[in-house]
Amino acid sequence: MSTVGNSTNIFWQESPIGKAERQKLLNQRGCVVWITGLSGSGKSTLACSLSRELNNRGKLSYILDGDNLRHGLNKDLGFKAEDRVENIRRVGEVAKLFADAGLICIASLISPYRKDRDACREMMQDSSFIEVYMNMSLQLCEARDPKGLYKLARAGKIKGFTGIDDPYESPLNCEIELKEKEGECPSPVAMAEEVISYLEDKGFLQNE
């Protein structure tokens, strides 16, 4: 049985309404804010705060949360290396569609491998991929451990856990790097404001 990926009888259907028209309607420019970092670094907290602050400014955004997506779109994937690659690829493709729709798509995932994040960046052809690195130490993340996952990983009950027995590859050229201050994660509002400031400077919050 042939699959869509191998089929030769599929064709790209152009839409009568283009990205520029959608962006004009929303008075903003579509983009992907890709938040990466260790478990417990504050990715989801930032995503929620950023979405709320954007909404307060009348800007339309949507959060793609890694855990949420594993309840639906990616529920058939595990945590083996090849599954993690496919997980990020799918999220990248969905995020690209949201950005094309003119939305500010906030993707919140550990996404531990640099090559996979770079592959998502390459999907975007107009510099609208904004990588936000939650540069929080393993010690801080493990102390926070909001889901109790580090405790399970240390006890050997979770295998291949990022930061413990599987690597996390830090970004080399991210657009935004958020760091801990005096051993604590910055406040959600402060982090959101830093991202919003970047979006404003780059013209994503208005359609020129």
Side-chain angles (χ1 to χ4, degrees), residues 3-5 30-55 59-121 123-124 128-134 136 138 140-169 171 178 185 188 191-192 195:
T3 63
V4 173
C31 64
V32 174
V33 178
W34 191 282
I35 306 173
T36 177
L38 292 171
S39 177
S41 61
K43 298 182 301 300
S44 295
T45 300
L46 170 57
C48 291
S49 181
L50 176 58
S51 184
R52 171 56 60 189
E53 293 300 319
L54 287 168
N55 185 77
K59 302 304 174 185
L60 187 59
S61 66
Y62 194 87
I63 298 172
L64 296 178
D65 181 85
D67 279 4
N68 290 356
L69 292 169
R70 282 186 175 273
H71 282 81
L73 177 70
N74 295 334
K75 67 180 181 180
D76 60 320
L77 300 176
F79 291 89
K80 295 182 295 184
E82 57 268 30
D83 285 348
R84 289 186 172 190
V85 171
E86 176 61 11
N87 179 58
I88 300 305
R89 187 197 68 81
R90 291 184 192 178
V91 178
E93 292 286 358
V94 173
K96 178 182 176 181
L97 293 176
F98 272 101
D100 186 60
L103 277 69
I104 298 169
C105 180
I106 306 167
S108 172
L109 305 95
I110 294 174
S111 44
Y113 307 136
R114 193 177 297 127
K115 64 179 179 60
D116 297 334
R117 299 192 303 268
D118 288 345
C120 291
R121 180 186 292 275
M123 294 179 190
M124 314 294 291
S128 55
F129 184 92
I130 299 121
E131 189 173 26
V132 180
Y133 173 33
M134 302 295 290
M136 310 297 161
L138 175 61
L140 173 62
C141 296
E142 192 164 0
R144 288 160 54 96
D145 201 11
K147 302 173 184 176
L149 298 177
Y150 285 101
K151 184 177 180 179
L152 293 173
R154 290 293 187 187
K157 296 180 180 179
I158 298 179
K159 301 296 183 181
F161 189 75
T162 302
I164 302 300
D165 55 356
D166 204 71
Y168 175 82
E169 299 173 354
L178 299 173
C185 184
M191 293 191 295
V195 177

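Residue numbers run from 1 in the order of the sequence given. Keep in mind it's a predicted model, so treat the numbers as computed, not measured.
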Using side-chain heavy atoms (C-beta onward) and a distance below 4.5 Å, is Met191 in contact with Met134?
yes
Out of curiosity, Leu69 CG to Leu109 CG, how far, rounded to the nearest 0.5 Å?
6.5 Å
Ion pair check, Asp76 and Arg90, cut-off under 4.0 Å
yes
Verify, without hydrogens or angle tests, whether Asp116 (side chain) and Arg84 (backbone) share a donor-acceptor contact under 3.5 angstrom.
no
Quick check for you: to the nearest 0.5 Å, what is the distance between Arg117 atom CZ and Glu131 atom CD?
5.0 Å
Return the minimal non-hydrogen interatomic distance between Met124 and Phe129, and the atom names on each side.
CG-CB, 3.9 Å
Pairwise distance NZ(Lys75) to NE2(His71) - rounded to 0.5 angstrom
10.5 Å
Between the main-chain N or O of Cys105 and the side-chain N or O of Ser61, is there a donor-acceptor pair closer than 3.5 Å?
no
Is it the case that the side chain of Asp166 and the backbone of Phe161 share a donor-acceptor pair, with hydrogens and angles ignored and the cut-off at 3.5 Å?
no
Can you tell me how far CD1 of Ile35 sits from CG of Leu64, rounded to the nearest 0.5 angstrom?
10.5 Å
Check: Tyr150 side chain, Gly163 main-chain N or O, donor-acceptor pair, under 3.5 Å:
no
So, Ser44 versus Asp65: side-chain donor-acceptor pair below 3.5 Å or not?
yes
Between CH2 on residue Trp34 and SG on residue Cys120, distance to nearest 0.5 Å
3.5 Å
Closest contact, heavy atoms only, Leu140 versus Cys185:
CD2-N, 3.9 Å
Where Ala99 and Val32 come nearest, the two heavy atoms and their spacing:
CB-CG2, 4.0 Å
Testing the basics here: between Ser51 and Ile63, what is the closest heavy-atom pair and its distance to 0.1 Å?
CB-CD1, 3.8 Å
I need the minimum non-hydrogen distance between Gly37 and Lys43, along with the two atoms involved.
O-NZ, 3.3 Å
Applying the side-chain contact (heavy atoms from CB on, under 4.5 Å) criterion to Cys141, which one of Ser41, Ser39, Pro146 satisfies it?
Ser41
Stacked cation flag Arg70 on Phe79, 6.0 angstrom / 45 deg
yes
Taking the inter-plane angle between the rings of Tyr133 and Tyr168 on a 0 to 90° scale, is it parallel (under 30°), tilted (30 to 60°) or perpendicular (over 60°)?
parallel
Would you name the heavy atoms of Leu77 and Asp83 that are closest together and state the gap between them?
CD1-O, 3.8 Å
So Met136 and Leu38, do their side chains get closer than 4.5 Å, heavy atoms only?
no
So do Asp67 and Lys147 actually touch side chain to side chain, heavy atoms under 4.5 Å?
yes
Can you measure from CG (Leu46) to CG (Leu178) and round to the nearest 0.5 angstrom?
6.5 Å
Quick one, Arg89 and Met123 - any side-chain contact, counting heavy atoms below 4.5 Å?
yes
